Amino acid sequence: MVQCVHTVKELRDIIKPLKAQGKTVGLVPTMGALHQGHASLISTSAKQNDITVVSVFVNPTQFGPNEDFDAYPRTLDSDLKVVEGAGGDIVFAPSPKEMYPSADDTWVEVTGDITKVLCGKTRPIHFRGVTTVVTKLFNIVGPTRAYFGQKDAQQVEVLRRMVKDLFVDIELVIVPINREDTGLARSSRNTYLSSEEKQAATVLSKSLKQALEDFKAGNDNLDNIIKSVTANIQKEPLANIEYVECYGLPGLYKLDTNVVAPSLLAVAVRFGNTRLIDNIILE
Ligand code: PAF
């Protein structure tokens with residue numbers, strides 16, 4: 001039976017004795033509205049650790065003023081079922097006041113291009129909110145390992161940088177993108193899509209897959225790759241492109257004329273009011 005707690009003290013009271021017994025702890029940070037993508041993070045953690053803690057917290061500091069913080073789906077009852085089904089043990093669902101107790105905030109921020117390219121261009125405060133809340137969760141739980149999805153590829157790179165630079169002694173485990181049969185990457189925001197938009201959004205995975213095939217066949221010119229992915233997505237009338245970009249891995253470094261393996265090819269595209277992201281690694 002999954003235990004659900006809402007305060008830092010309750011969670012620490014449960015975890016401390018378990019850690020004293022030498023048990024390993026996996027942390028799966030989420031914003032709730034859990035789907036099969038999250039379930040795959042939770043089940044991976046359950047296989048690799050004695051205890052799996054899933055945090056469910058819609059983190060206000062990673063949303064910009066005109067973003068979907070208020071509309072973001074909050075579904076704690078069904079989230080508990082997903083956690084249970086995937087083998088998680090404890091859900092930590094704190095209030096904003098619990099996570100941000102002071103009137104003035106303390107921030108953890110990764111600076112530089114890594115947080116300014118891709119989503120950082122249109123979401124300037126987003127990654128500061130993510131690194132701050134993830135640091136809080138790391139300090140509250142003290143996990144052995146923490147689990148993140150490759151769908152948020154820039155978040156993964158930013159968190160890797162933070163963990164390295166701050167000497168955080170936690171292993172980051174990155175779980176591959178979980179896709180529907182149509183190829184659409186699973187996301188809590190998919191619930192905003194109409195059925196027409198959902199069908200249209202399959203253009204993203206198709207275009208990225210095509211780019212990987214072209215890259216493997218020898219097309220490694222950066223401009224050509226970006227142009228052909230853009231053209232493929234633009235064939236879909238409901239798609240409104242925010243970016244199609246490619247950066248070198250690790251660290252999202254700027255590429256010259258040719259794409260070097262491994263590189264991250266990433267897109268952000270709106271379907272109606274819904275902004276979706278997807279990516280593929282060219283390797
Ligand atoms: O990936 C997410 O859902 C969020 O950015 C995270 C890591 C839970 C932090 O709020």
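Side chains are part of it too, since the values below use all heavy atoms of this structure and drop only hydrogens, waters and symmetry mates. Order of appearance sets the numbers: ligands from 1, and atoms from 1 within every ligand. All values derive from a computational prediction rather than experimental measurement.
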At less than 4.0 angstrom from any non-hydrogen atom of [X], what atoms of ligand 1 do you find?
X      : result
Val133 : 9 (C), 10 (O)
Asp152 : 1 (O)
Pro29  : 8 (C)
Gln62  : 4 (C), 5 (O), 9 (C), 10 (O)

Please check if the side chain of [X] supplies one atom and the backbone of [Y] the other of a donor-acceptor pair under 3.5 Å.
X      : Y      : result
Glu98  : Val8   : yes
Lys116 : Gly120 : no
Thr115 : Val110 : yes

- [ ] Would you check the N or O atoms of Asn59, main chain and side chain alike, for any that come under 3.5 Å of an N or O of ligand 1?
- [x]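 For ligand 1, there is no N or O atom that lies under 3.5 Å from one belonging to Asn59.
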- [ ] Give a yes or no on whether Ile177 and Val82 share a hydrophobic cluster (residues Ile, Leu, Val, Met, Phe, Trp, Tyr; joining criterion: side-chain heavy atoms under 4.5 Å apart).
- [x]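 Ile177 does not cluster with Val82.
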- [ ] Report the nearest protein non-hydrogen atom to atom 1 (O) of ligand 1: residue, atom name, distance rounded to 0.1 Å.
- [x]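 For this ligand atom, the closest protein heavy atom is Gln155 NE2, 2.9 Å.
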Open item on the list: Looking only at protein heavy atoms, which one is nearest to atom 3 (O) of ligand 1, and what is the separation?
Closed with: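 Here the closest protein heavy atom is Met31 CG, 3.7 Å.
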Task: Carboxylate-amine/guanidinium proximity below 4.0 Å for Glu245 and Lys121 - done: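 So Glu245 pairs with Lys121 through a salt bridge.
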- [ ] For residues 53-97, pull every pair meeting ring-ring contact (aromatic ring centres under 6.0 Å, His included), keeping only residues two or more places apart or in separate chains.
- [x]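 As it turns out, the ring-ring contact (aromatic ring centres under 6.0 Å, His included) pairs with a partner in residues 53-97, which skip direct neighbours, are Phe63-Phe69, Phe63-Tyr72.
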TODO: For ligand 1, indicate whether the residue Thr30 contacts it via side chain, backbone, both or neither (heavy-atom separation under 4.0 Å).
DONE: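 The answer is the backbone.
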